[in-house]
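Note sheet for the following structure.
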Amino acid sequence: MSLPPERLKRRPEFRLVAAKGRKAPMPGLVLQALARTDDGAARIGFTVTKKVGNAVIRNRTRRRLKEAARLWLAEHPAAGVDLVLIGRDGTRKRSFGALKDDFCRALAKMGVT
RNA sequence: CCAGACGGUCGGACGACCGCUGGCGGUAUGAGAGAAACCAUAUCGCUAGAGGAAAGUCCGGGCUCCACGGGAAUACGGUGCCGGCUAACGGCCGGCGGGGGUGACCCCAGGGAUAGUGCCACAGAAAACAGACCGCCAGCGCAAGGACCCCAGUUCCCCGCCGGCAAGGGCGAAACGGUGCGGCAAGAGCGCACCGCGCCCCUGGCAACAGGGGCGGCAGGGCAAACCCCACCGGGAGCAAGACCGAAUAGGGGCGGCCGGCGGGCCAAACCGGUGCAAGCCGGGGUGGUGACGCAGGGGCAUUUCCGUCCCGUCGCCCGGGUAGGUCGCGUGAGGCGCGCCGCGAGGCGCGUCCCAGAGGAAUGGUCGUCCCCUGCUGAACGGCAGGGACAGAACCCGGCUUACAGGCCGUCUGGCAUU
RNA sequence: UGGGGGAUAGUUUAGCGGUAAAACUCCCGGCUCUGACCCGGGCAUCCUUGGUUCGAAUCCAGGUCCCCCAG
């Protein structure tokens, strides 16, 4: 249990969210969300492709996304959704405050509070 | 001081807050009659937490499973001066030979070309049993022509024939040794000296090889990162190895119950025939039952054909294998650090000391501050502002190689300039 | 993890030790009143760095990128 919300781990789960869910692109990240039928804690997954850079850059990108999501969801817990955060080139370059703001606005756009 | 060569080493520092993973300890809960212990989860505290290349995956090993009676050979792949180091290596160290640099030093797949095959374009006469284009020389011929003032001519040139030669010219990356002297009609290792080459001997060295002497009289062009020959090495697969636990569904085995695509067997009923007065008996018949006997069909025995052989439906219970998933493998090791001894060195030996990452959609982070370094702008020193801080992220482990890399530090040495 | 293959003009491919070839595209010129067609000409660090060789796109080694196969 690395985060209060559970982690998405399996490839079919990611594919389901990508196929059925909604997508909100932001300068610092892309958010995909899919409402679930149950009311359990939100599940969250991270995707950083090889296009972004080498292993060091991909690690840095994923860790900043993890931290932004952790800080926001600690104050505003969500339930009944699966979230996938996709890292992009801007994730690494953007200031952390702006990255958190991107995540917040993406959630608002989804209708998830 | 400047320029350079080689070796080693570091890979920003400190702090605050919020987090992550492992370990240890405490507390609470699961928990059942209770206690202890154990396990799981949550939480609190302490503690540890990426590299010199973790990278590329190019070699070598450990480890695990599989195969295998031993050995050898063939094929395939790799390695290739000599000696040493090492668990081993295609690695490293020390030598040797060749090449480069004024030098410190650097670079080299560096065995075999009289085992064979093949290739050497263009140019050039000729490119590998040598041969002779121009040319040089001797002899013979000399019709015509020329030179020698004219004529003549046993003269010369030119020309032709035959022969000797390989110095010179020219081509080429390379021309069947090089330079010099002698010699000769001209020449030629034809002779001599030196150099090169080959063979033999001696000396030094473990050896590669080096030095010296003698002989040969030049034979044997180059290419083996062309085929090849020789010597040596190599069983295969890889932690998704492998071991253990083990859902749902399907499938396997055992036991019991139930029944069927064709054929035939057996049993029984309707019905038919025969017989008998009749009960009945005999034969046919086959709606039903029975038993998995045969056939068909399907499947297994690596693949295809044939043959052979084994198996076969459905329901219930039990059993074992095994998929998803989980646990282990998993870090005490060819281990780090320090000291001493041996060795030119790679390295070896001894003593002391330390325990030092273990994830699994994958922890080792996020934000901020101070300092350090670099760049740009501004600026009288000082300073101010802005931007940046290399290459890169463990995935079973270890020894190497290769590649990437901002900047810094230490040591040894070389060349030059200046000073004493 | 293990194995195999490739990189040549703008594009697709030849070439396998000795002048780098073809088709299409593009550019220039010609033809035409203009355009097309047609005719002539041009366009190459042979991915990169070293090495072997007299000579390398070709052979060997290191590197970069891409593709494929098996698990």
Side-chain angles (χ1 to χ4, degrees):
Chain A
M1 216 54 67
S2 59
L3 287 170
E6 268 188 69
R7 288 288 287 276
L8 252 51
K9 292 186 177 177
R10 302 188 186 293
R11 181 165 167 76
E13 296 171 345
F14 279 84
R15 291 182 64 88
L16 189 70
V17 173
K20 298 271 181 65
R22 306 179 56 204
K23 191 163 82 173
M26 287 288 156
L29 60 97
V30 176
L31 178 71
Q32 291 176 328
L34 177 66
R36 294 207 313 270
T37 52
D38 63 290
D39 219 22
R43 295 193 303 170
I44 190 163
F46 301 93
T47 295
V48 183
T49 66
K50 268 192 179 170
K51 222 158 111 182
V52 175
N54 62 27
V56 174
I57 290 173
R58 294 201 305 272
N59 273 341
R60 173 65 39 80
T61 303
R62 175 171 42 77
R63 286 165 177 161
R64 296 194 79 197
L65 288 177
K66 250 171 74 176
E67 189 71 2
R70 184 182 69 83
L71 290 174
W72 180 263
L73 292 174
E75 298 173 41
H76 310 85
V81 283
D82 285 342
L83 302 172
V84 172
L85 280 75
I86 300 173
R88 55 197 310 187
D89 211 33
T91 309
R92 188 167 39 95
K93 298 181 178 146
R94 216 156 164 74
S95 80
F96 192 68
L99 187 63
K100 250 164 67 175
D101 198 51
D102 282 345
F103 179 59
C104 162
R105 287 193 297 140
L107 281 176
K109 205 168 162 187
M110 288 294 173
V112 180
T113 307

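Since we're looking at a predicted model, the values are computed, not measured. Within every chain, numbering begins at 1; the chains are lettered A, B, ... in the order of the sequence lines, protein sequences first and strands thereafter.
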Please give the distance between the [atom1] atoms of [N] and [M] as a whole number of Å.
N: B/G340; M: B/G345; atom1: P; result: 15 Å
N: B/A208; M: B/G80; atom1: C1'; result: 14 Å
N: B/C105; M: B/A392; atom1: P; result: 35 Å
N: B/G71; M: B/C230; atom1: P; result: 24 Å
N: B/G220; M: C/U58; atom1: C1'; result: 32 Å
N: B/G222; M: B/A123; atom1: P; result: 26 Å
N: B/U290; M: B/G260; atom1: P; result: 8 Å
N: C/G17; M: B/C122; atom1: C1'; result: 14 Å

Does [N] pair with anything, Watson-Crick or G-U wobble, both distances under 3.5 Å, and if so, with which nucleotide?
N: C/A9; answer: none
N: B/G252; answer: B/C319
N: C/G55; answer: none
N: B/U203; answer: B/A210
N: B/A121; answer: none
N: B/A193; answer: B/U179
N: B/A87; answer: none
N: B/A324; answer: none

Without decimals, in angstroms, what is the distance between [X] [atom1] and [N] [atom2]?
X: A/Lys66; N: B/C20; atom1: NZ; atom2: C1'; value: 6 Å
X: A/Phe46; N: B/A363; atom1: CZ; atom2: C1'; value: 14 Å
X: A/Glu67; N: B/U21; atom1: CD; atom2: P; value: 13 Å
X: A/Lys100; N: B/U367; atom1: NZ; atom2: P; value: 11 Å
X: A/Arg92; N: B/G366; atom1: CZ; atom2: P; value: 13 Å
X: A/Arg43; N: B/G361; atom1: CZ; atom2: P; value: 14 Å
X: A/Arg62; N: B/G393; atom1: CZ; atom2: P; value: 14 Å
X: A/Ile44; N: B/C20; atom1: CD1; atom2: P; value: 15 Å

Query - Earlier contact from the 5' end, RNA chain B, for A/Arg63 and A/Val48 - result: A/Val48
Query raised in the report: So which one's nearest nucleotide on RNA chain B is more toward 5', A/Asn59 or A/Phe96?
Result: A/Phe96
Query raised in the report: NA contact type, A/Arg64, heavy-atom cut-off 4.0 Å: base, sugar-phosphate, or nothing?
Result: sugar-phosphate
**Report entry** Sugar-phosphate only, base, or nothing, as touched by A/Arg58 at under 4.0 Å among non-hydrogen atoms
**Finding:** nothing
Report summary line: With syn meaning chi within 90° of zero and anything else anti, the base of B/G365 is anti
Report task. State the syn/anti category of B/C356 according to its glycosidic angle, syn meaning within 90° of 0. Result -> syn
**Report entry** Ion pair A/Glu67/A/Arg64, N-O distance below 4.0 Å
**Finding:** no
Query raised in the report: Could you give the distance from CG (A/Asn59) to NZ (A/Lys66), rounded to the nearest 0.5 Å?
Result: 9.5 Å
Query raised in the report: Are OP1 or OP2 of B/G366 and a side-chain N or O of A/Arg60 less than 4.0 angstrom apart?
Result: yes
Requested in this report: Give a yes/no on whether any side-chain N or O of A/Arg94 is located under 4.0 angstrom from OP1 or OP2 of B/G366.
Outcome: no
Report summary line: Only one of A/Val30, A/Val48, A/Leu65, A/Thr61 passes side chain to side chain contact (heavy atoms under 4.5 Å, CB included) with A/Arg88, and that residue is A/Val30
